[in-house]
Amino acid sequence: MKEKLQAIRQKAIEKIEAAESLDILNDLRVAYLGKKGEMTEVLKGMKDVAAADRPAVGQLVNDARKAIEEKIEAVKKTLEAKELERKLKDEVIDVTLPSKKLVIGHKHPNKVVLDEVERIFTGMGYEVVEGPEIEYDYYNFEALNIPANHPAKDEQDTFYINDKIVLRTQTSPVQVREMEKGKLPIKIIAPGRVFRSDEVDATHSPSFHQIEGLVVGKNITFADLKGTLAQFAKEFFGPETKVKFRPHHFPFTEPSAEADVTCFKCGGKGCRMCKGSGWIEILGCGMVHPNVLKMCNIDPDEYTGFAFGVGLERITLLKYEIDDMRLLYENDERFLKQF
Ligand code: DAH
């Protein structure tokens, strides 16, 4: 028994001293001192020891247990100290290292242009308002003097939610919503997303953006519209830019026009950009139709107004000389990084 105890104690001390981690140490504690550990097994053998020898053997067992426990504690301390040292070394922070560069995004070219347009118009005293993208057929068409069966309804291929609700095909319904509020005069621009069931190609997308403009007040004339758009074109495309108006038709304006600007690439001489004509079409506009004013409870004998609608993508592509609208939607970083 004595020899056996001695052997176990010896072996245990050796193994504990060799333990390389706290986990191994803990396994050793269980293996020697645990409920089913070797020392416990030895204690179970006490019943075979002669009664007279029991106190002496018991003492030996206790001594061995104590020696093993003390060894474990000592090795544990050393291992813990080593572990701490390793951690401190690993987690050391060098405060003199240069910081990592923050990667910040770029404004999308559409947003760069929208900000610029808003800056120009707010500079002329306009307010920026918004309207819903999901719109009543009434606001998108009827109140804009486009009755049911009007051919203009086919021109703009519409996404219908149901009989009465559409995805707006234009920002013009915001004009109606603004006029219905009954607060005059009005001087607003309304940027936003519009939808048409068009196939995607270099110049079309089922979802794009427009910026609507509306001014209603007393004595507002076509001359005000011309002056406003001339000022906008100069600020946006450059101080030499001129604007010309071609007669056109829109149901919600009378008279209506399309506005062209002198080509900012060739200055009007004719180039690839303007297809040789020297002019580039940029928007639709006109004097608010008396029917539209009436439907919004505004007396057309007392008040007049002008309106215009610009395609945001259109002027973005022009400004940056981008020849494919799809580039604006693909979120290719190599493209976006340039703005
Ligand atoms: N809403 C028209 C379109 O999407 C653009 C437009 C033309 C808006 C003339 C206007 C306007 O406000 O007066 O084609």
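This structure is a prediction, so every number in the text was calculated from the model and none was measured. Whatever order the structure lists them in is the order used to number ligands and atoms, beginning at 1.
The Gly286 neighbourhood of ligand 1 comprises atoms 13 (O), with distances under 4.0 Å to a heavy atom of that residue. In the vicinity of Ser172, heavy-atom distances shorter than 4.0 Å reach the ligand 1 atoms 1 (N), 8 (C). Ligand 1 places these atoms under 4.0 Å from at least one heavy atom of Thr253: 13 (O). Close approach of ligand 1 to Arg196 (heavy-atom distance below 4.0 Å) involves ligand atoms 3 (C), 4 (O), 14 (O). Listed by number with element, the atoms of ligand 1 under 4.0 Å from a non-hydrogen atom of Gln170 are 1 (N), 2 (C), 3 (C), 4 (O). Listed by number with element, the atoms of ligand 1 under 4.0 angstrom from any heavy atom of Phe252 are 1 (N), 2 (C), 6 (C), 7 (C), 8 (C), 9 (C), 10 (C), 11 (C). Here is the list of ligand 1 atoms found below 4.0 Å of a heavy atom in Gln175: 12 (O). Close approach to Gln210 involves these atoms of ligand 1, each under 4.0 Å from a residue heavy atom: 3 (C), 4 (O).
In this pair, Phe232 and Phe236 present their aromatic rings parallel. The plane angle is below 30°, not in the 30 to 60° band. By the 30° and 60° cut-offs, the orientation of the rings of Phe237 relative to Phe264 is parallel.
Distances shorter than 4.0 angstrom do not occur between any heavy atom of Phe306 and any atom of ligand 1.
Ring-centre distance between Phe208 and Phe195: not below the 6.0 Å cut-off. If you look at Phe121 and Phe308, their ring centroids are closer than 6.0 Å.
Distances from atom 9 (C) of ligand 1 to the heavy atoms of Gly284, Ser256, Gly213, Ala307 show the closest one on Gly284.
Arg177 has a carboxylate O that lies under 4.0 Å from a charged side-chain N of Glu135, or vice versa, which qualifies the two as a salt bridge.
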Tell me which donor-acceptor pairs under 3.5 Å the side chains of residues 276-302 have, and how far apart each pair is, sequence neighbours excluded?
residue: Ser277; atom: OG; partner: Cys274; partner atom: O; Å: 3.0
residue: Ser277; atom: OG; partner: Trp279; partner atom: N; Å: 3.1
residue: Ser277; atom: OG; partner: Trp279; partner atom: O; Å: 3.0
residue: His289; atom: ND1; partner: Asn291; partner atom: N; Å: 3.0
residue: Asn291; atom: ND2; partner: Asn145; partner atom: OD1; Å: 3.2
residue: Asp299; atom: OD1; partner: Asp301; partner atom: N; Å: 2.9
residue: Glu302; atom: OE2; partner: Lys218; partner atom: NZ; Å: 3.4

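Taking the ring-ring contact (aromatic ring centres under 6.0 Å, His included) definition, one finds that Phe335 meets it with Phe339, sequence neighbours left out.
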